[in-house]
Number of protein chains: 2
Amino acid sequence: MSTKNKILDAAESLFADKGFNGTSLREITSLAEVNLAAVNYHFGSKKELIKSVMSRYMDELAPNLVAALEDICDHPEQPTLIEVFSAFIEPLLSLNVFRQNGTSNFLQLLGRGYTDSQGFLRWFFTTQYPGVISNFVLAVQKSYPELTPEEIFWRLHFTMGTVVFAMSSSDALMDIAKNDFDKNLDIADVIQKVIPYVAAGVAAPINK
Amino acid sequence: MSTKNKILDAAESLFADKGFNGTSLREITSLAEVNLAAVNYHFGSKKELIKSVMSRYMDELAPNLVAALEDICDHPEQPTLIEVFSAFIEPLLSLNVFRQNGTSNFLQLLGRGYTDSQGFLRWFFTTQYPGVISNFVLAVQKSYPELTPEEIFWRLHFTMGTVVFAMSSSDALMDIAKNDFDKNLDIADVIQKVIPYVAAGVAAPINK
DNA sequence: CATGTTTTAAAACGCTTGTTTAAACTGACT
DNA sequence: AGTCAGTTTAAACAAGCGTTTTAAAACATG
């Protein structure tokens with residue numbers, strides 16, 4: 001495996017675990033078993049390394065996501081919100097074959113991107129991958145036309161928060177569930193649990 | 001105002017803005033206009049300062065929250081989930097008279113506590129303020145008895161995620177809402193928007 | 001006023017951070 | 001063999017970090 005990819009893999013798992021601020025280049029390079037200077041040689045800076053880690057996932061995920069959402073929009077009949085959200089399942093779970101723990105790593109990184117680094121990653125996503133968001137809004141609008149664009153805006157961000165947060169603590173939650181309820185769940189089960197929740201949330205009656 | 005309180009106030013707003021990891025003691029003391037060494041003199045360490053900032057809010061909030069939830073449990077008739085979640089509104093908004101921007105600062109800090117510092121604050125909350133969580137579970141169970149304890153567990157964590165995440169990026173979201181929809185919202189408006197969402201999410205039909 | 005304690009002040013501590021330098025190595029192509 | 005771009009290495013850099021030290025100032029108590 002190339003030095004570049006060793007760095008990306010090590011950075012990914014450390015970033016997901018401890019955040020961008022909380023991970024030093026020296027931790028990354030020693031986990032990757034490469035020289036410290038290799039990061040700046042191959043990526044230029046830590047900030048560019050962060051972007052590269054995220055791009056590797058987004059470039060894989062975005063086309064699948066857009067395609068799945070376009071399918072829903074092109075379909076003649078009106079979709080349910082459950083169907084809209086379910087469009088995310090297969091592309092997200094396919095990240096697990098793309099990379100070990102890909103799904104949960106990516107979702108954790110997504111959460112970090114929103115809270116760490118004062119939102120420079122939020123800018124990165126919305127400018128680099130606008131198609132995902134706009135197609136998602138279109139699909140929701142088709143499913144629930146009474147919802148105003150403003151209300152969609154808010155509820156989509158609430159949904160983003162729910163999913164990202166649930167997934168970033170999914171390891172801890174699955175452990176608790178195993179202890180308290182004797183249920184052995186995996187990331188796919190958690191996704192199945194969160195979909196009815198967010199679908200109902202987006203479909204909530206509008207508060208006057 | 002005392003040096004101690006000047007430090008607490010400065011730390012609070014910087015922590016909310018840039019996270020615990022992302023804020024240095026030098027930033028705090030220069031905003032507070034006190035000497036750098038004052039932090040370690042009054043608080044012992046940065047970690048203890050973080051705890052103090054959080055305790056100042058939790059000590060104010062927890063009794064009000066527990067009382068409001070106990071009211072609901074003691075009431076003879078069955079509450080709606082909207083009523084359960086609305087029990088949080090007044091205690092949360094009262095933080096605004098307790099301190100400027102108290103509500104949003106506190107909720108942002110809560111979000112930081114879950115994602116920064118690898119969950120040592122999560123331990124802090126659950127061990128120091130267990131009454132809030134248990135009373136919340138009781139109130140939800142009274143409102144929606146068909147929900148199994150396991151499903152309550154998952155949905156309460158989803159709710160936690162929604163609220164914490166929404167609030168920790170509420171500043172950015174309110175800015176976008178102002179630009180895109182020409183609406184000037186404050187933290188109380190965001191709370192009003194999130195309640196129907198989480199109430200509907202918790203009330204979602206159970207997936208078989 | 002004198003005393004002992006609490007609080008502030010400036011400076012330095014040792015350490016870690018991201019980044020840069022310059023030399024050494026690697027593997028092809030003429 | 002010799003050249004040369006591409007890559008890796010060890011070492012150092014300046015800057016920032018949390019914390020500690022030392023001494024002066026402020027304070028309250030007798």
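A note on names: the letters A, B, ... follow the listed sequences, proteins ahead of strands, and every chain is numbered from 1.
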Counting only side-chain heavy atoms from C-beta out, which of [options] sits nearest to [X]?
{"X": "L36(B)", "options": "dA12(C), dA10(D), dG18(C)", "answer": "dA12(C)"}
{"X": "K46(A)", "options": "dT8(D), dT6(C), dG18(C)", "answer": "dG18(C)"}
{"X": "L25(B)", "options": "dT6(C), dG18(D), dT19(C)", "answer": "dG18(D)"}
{"X": "A37(B)", "options": "dA12(D), dA12(C), dA9(C)", "answer": "dA9(C)"}

Specify the separation, in whole Å, of atom [atom1] of [X] and atom [atom2] of [N].
{"X": "K6(B)", "N": "dT8(C)", "atom1": "NZ", "atom2": "C1'", "answer": "11 Å"}
{"X": "F20(A)", "N": "dG18(C)", "atom1": "CZ", "atom2": "C1'", "answer": "17 Å"}
{"X": "N21(B)", "N": "dG16(D)", "atom1": "CG", "atom2": "C1'", "answer": "15 Å"}
{"X": "Y41(A)", "N": "dC25(C)", "atom1": "OH", "atom2": "P", "answer": "17 Å"}
{"X": "I28(B)", "N": "dC17(D)", "atom1": "CD1", "atom2": "P", "answer": "10 Å"}
{"X": "R26(B)", "N": "dT19(D)", "atom1": "CZ", "atom2": "P", "answer": "11 Å"}
{"X": "M1(A)", "N": "dT8(D)", "atom1": "CE", "atom2": "P", "answer": "14 Å"}
{"X": "I7(A)", "N": "dT8(D)", "atom1": "CD1", "atom2": "C1'", "answer": "11 Å"}

Discussion item. When you measure from the side chain of S143(B) to the backbone of L81(B), do you find a donor-acceptor pair of N or O atoms at a distance under 3.5 Å?
Written reply: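 A pair under 3.5 Å: yes.
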(Q) Checking the side chain of R155(B) only, and the main-chain atoms of A204(B) only, is there a donor and an acceptor separated by less than 3.5 Å? (A)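 Checking the backbone N and O of A204(B) against the side chain of R155(B), a donor-acceptor pair under 3.5 Å is found.
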When you measure from the side-chain N and O atoms of [X] to the phosphate of [N], is any distance below 4.0 Å, counting only OP1 and OP2?
{"X": "H42(B)", "N": "dT6(C)", "answer": "no"}
{"X": "S24(B)", "N": "dG16(D)", "answer": "no"}
{"X": "N40(B)", "N": "dT19(D)", "answer": "yes"}
{"X": "S45(B)", "N": "dG18(D)", "answer": "no"}

Heavy atoms of other groups near N179(B) CG, more than 12 under 6.0 Å:
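Yes, CG of N179(B) has more than 12 neighbouring heavy atoms, counting only those of other groups under 6.0 Å.
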>> Can you see whether Y129(A) engages D59(A) through a side-chain donor-acceptor pair at a distance of less than 3.5 angstrom?
In response: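 Result is yes, a qualifying pair exists.
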- Query: Between T159(B) and Y197(A), does any side-chain donor sit less than 3.5 Å from a side-chain acceptor?
  - Reply: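 Yes, Y197(A) and T159(B) have a side-chain donor paired with an acceptor closer than 3.5 Å.
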| query | So what does T29(A) hit on the nucleic acid, given a heavy-atom distance under 4.0 Å: a base, only sugar-phosphate, or nothing? | reply |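 Nothing, no nucleic acid heavy atom in range.
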